[in-house]
Amino acid sequence: MDGTPIVDILMFHSISDAAGPTAIPVEIFKAQMRAIAESGLPVITMDALVDARRMGKPLPPRSIVITFDDGFQDFADTAFPVLQSHDFPVLVFLTTEYIGRQEGWDGANKPERDIMDWETVRDLASQGVAFGSHSVTHSDLTMLSDDTLGIEINVSKAEIEDQLQQPVYHFAPPYGLTNDHVTAAASGVYRTLATTRLGQVGPADHLHGLPRLEMFYFTNLTRWREHLAGTGTAYLRRRKMLRWVRERLPAI
Ligand SMILES: [Zn+2]
């Protein structure tokens with residue numbers, strides 16, 4: 001077999017000067033996108049990854065999928081024009097209860113950032129932006145009863161489909177928190193489940209447990225270009241190790 005395709009699924013949240021790891025300043029985002037264009041690596045849709053797995057359609061040896069969690073207003077105002085200038089497809093995961101409001105979930109930034117309203121979402125969909133579900137209430141899904149979990153998974157999908165009049169195939173659990181229960185429930189309803197597990201998608205990764213690259217780790221553009229050129233794997237390994245340690249440290 002000739003080479004197993006590798007897909008980098010990039011994870012962004014807000015493109016702004018907000019504090020914290022969920023925001024990347026626009027100039028850095030522009031430079032990250034320019035570096036992708038210069039690398040020549042193709043940006044594909046999540047559907048293309050699904051088609052490759054389910055129908056054996058060919059993928060390039062290396063490609064990129066761009067995703068945004070939470071549906072911040074700055075996606076429409078700031079990120080989308082940059083993506084559009086490169087003709088890059090993008091997938092945005094929406095939390096339906098927060099549409100047209102402000103982030104207000106556990107761990108939200110202060111001051112809270114605006115979330116896109118349905119009119120904006122519909123307008124972006126008409127321009128080719130794909131939308132997935134990020135649950136109804138942005139809760140830790142691993143803590144919920146079966147009934148509530150079912151609502152988070154199914155009602156968010158139904159509402160986005162109703163608003164956009166197109167099917168919703170992709171899911172990203174809030175905070176990347178998932179367990180066998182959540183995975184099983186989402187697998188029956190969605191074609192993919194994107195996590196926050198750090199890594200590149202290889203042949204061993206299941207469609208309902210896809211790793212992503214947190215782009216906050218790649219705001220250093222030299223490092224990002226090295227990664228795109230395929231010389232950055234030592235950095236990714238180090239980063240994974242640090243994260244592994246941090247996740248296992250007792251909370252203080
Ligand atoms: Zn989120």
Side-chain angles (χ1 to χ4, degrees), residues 1-46 48-49 52-53 58-70 72 74-75 78-93 172 176 192 194-207 209-249:
M1 212 173 127
D2 61 339
T4 42
I6 296 291
V7 182
D8 287 347
I9 304 179
L10 317 188
M11 174 173 56
F12 293 96
H13 295 81
S14 161
I15 303 302
S16 66
D17 293 323
T22 59
I24 292 177
V26 63
E27 288 310 321
I28 292 178
F29 177 67
K30 280 183 182 167
Q32 287 172 328
M33 295 302 105
R34 208 177 307 125
I36 294 173
E38 286 165 4
S39 76
L41 292 180
V43 180
I44 64 169
T45 62
M46 194 72 102
L49 172 58
R53 291 292 182 85
L59 278 183
R62 240 191 111 190
S63 56
I64 289 173
V65 172
I66 300 175
T67 70
F68 279 72
D69 285 10
D70 302 327
F72 290 113
D74 59 61
F75 172 79
T78 308
F80 182 59
V82 178
L83 295 164
Q84 219 176 9
S85 73
H86 291 289
D87 221 6
F88 289 162
V90 61
L91 170 63
V92 180
F93 293 106
T192 69
T195 69
T196 57
R197 180 164 61 87
L198 184 64
Q200 301 179 289
V201 180
D205 293 297
H206 195 271
L207 283 178
L210 294 168
R212 290 192 283 178
L213 296 182
E214 167 54 78
M215 289 305 288
F216 187 74
Y217 294 149
F218 290 102
T219 47
N220 176 319
L221 290 159
T222 304
R223 191 175 288 145
W224 178 229
R225 286 194 199 94
E226 281 170 5
H227 175 84
L228 292 169
T231 55
T233 48
Y235 171 73
L236 196 60
R237 257 200 314 275
R238 232 176 8 252
R239 207 60 246 189
K240 275 171 145 168
M241 182 64 78
L242 281 173
R243 189 154 157 161
W244 188 91
V245 170
R246 202 171 54 230
E247 282 169 0
R248 281 156 186 81
L249 285 174

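A quick note: this is a predicted structure, and the numbers were derived from the prediction, not measured.
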Does some side-chain heavy atom of Leu213 sit less than 4.5 Å from a side-chain heavy atom of Leu236?
-> yes
Distance in Å, Ile15 CD1 paired with Phe75 CZ, rounded so as to fall on 0.5 Å steps | 9.5 Å
Write down the atom of Pro60, the atom of Pro5, and the distance for their closest heavy-atom approach.
-> O-CB, 3.4 Å
Minimum side-chain heavy-atom gap Val201-Arg53 below 4.5 Å = yes
Might you point out which heavy atoms bring Pro89 and Ile66 nearest each other, and give the distance in Å?
-> O-CB, 3.9 Å
Contact check, side chains of Leu10 and Ile36, non-hydrogen atoms, under 4.5 Å = yes
What residues, two or more places apart in sequence or in another chain, satisfy ring pair (Phe, Tyr, Trp, His ring centres under 6.0 Å) together with Phe88?
-> His86
For Arg238 and Leu242, what are the C-alpha separation, side-chain angles and deciding distance, and is it a side chain to side chain contact (heavy atoms under 4.5 Å, CB included)?
-> CA-CA 6 Å; Arg238 232 176 8 252; Leu242 281 173; 5.6 Å; no
Taking the inter-plane angle between the rings of Phe68 and Phe29 on a 0 to 90° scale, is it parallel (under 30°), tilted (30 to 60°) or perpendicular (over 60°)?
-> perpendicular
Here the gap from Ile28 atom CD1 to Phe218 atom CZ, rounded to the nearest 0.5 Å, amounts to 14.0 Å
For Phe93, the ring pair (Phe, Tyr, Trp, His ring centres under 6.0 Å) test, sequence neighbours excluded, returns none
Derivation of the side chain to side chain contact (heavy atoms under 4.5 Å, CB included) call for Arg243 and Tyr217 | CA-CA 11 Å; Arg243 189 154 157 161; Tyr217 294 149; 3.4 Å; yes
When rounded to the nearest 0.5 angstrom, what distance separates OG1 in Thr219 from CH2 in Trp224?
-> 11.5 Å
Search all heavy atoms of Ala48 against all heavy atoms of Leu59 and return the closest pair with its distance.
-> O-CD2, 3.9 Å
Under the criterion side-chain contact (heavy atoms from CB on, under 4.5 Å), which of Asp205, Ile64, Val65 is the partner of Ile9?
-> Val65
Would you sort out whether Leu207 and Leu49 count as a side chain to side chain contact (heavy atoms under 4.5 Å, CB included), showing the intermediate values?
-> CA-CA 9 Å; Leu207 283 178; Leu49 172 58; 4.2 Å; yes
Which heavy atom in Thr195 sits nearest to a heavy atom in Pro211, and how many Å separate them?
-> OG1-CA, 3.8 Å
Shortest non-hydrogen separation from Leu83 to Met33 and the atoms involved = CD2-SD, 3.7 Å
For Met215, which of Gln32, Met11, His13 qualifies under side-chain contact (heavy atoms from CB on, under 4.5 Å)?
-> Gln32
Taking atom OG1 of Thr78 and atom CG of Asp17, what is their separation to the nearest 0.5 Å?
-> 9.5 Å
Which residue pairs pass the salt bridge (charged side-chain N to carboxylate O under 4.0 Å, His left out) test with at least one member in residues 209-237, sequence neighbours excluded?
-> Asp69-Arg212
Step by step, would you call Thr45 with Leu91 a side chain to side chain contact (heavy atoms under 4.5 Å, CB included)?
-> CA-CA 8 Å; Thr45 62; Leu91 170 63; over 6 Å; no
Between Arg62 and Asp8, which heavy-atom pair has the shortest distance, and what is it?
-> NH2-OD2, 3.0 Å
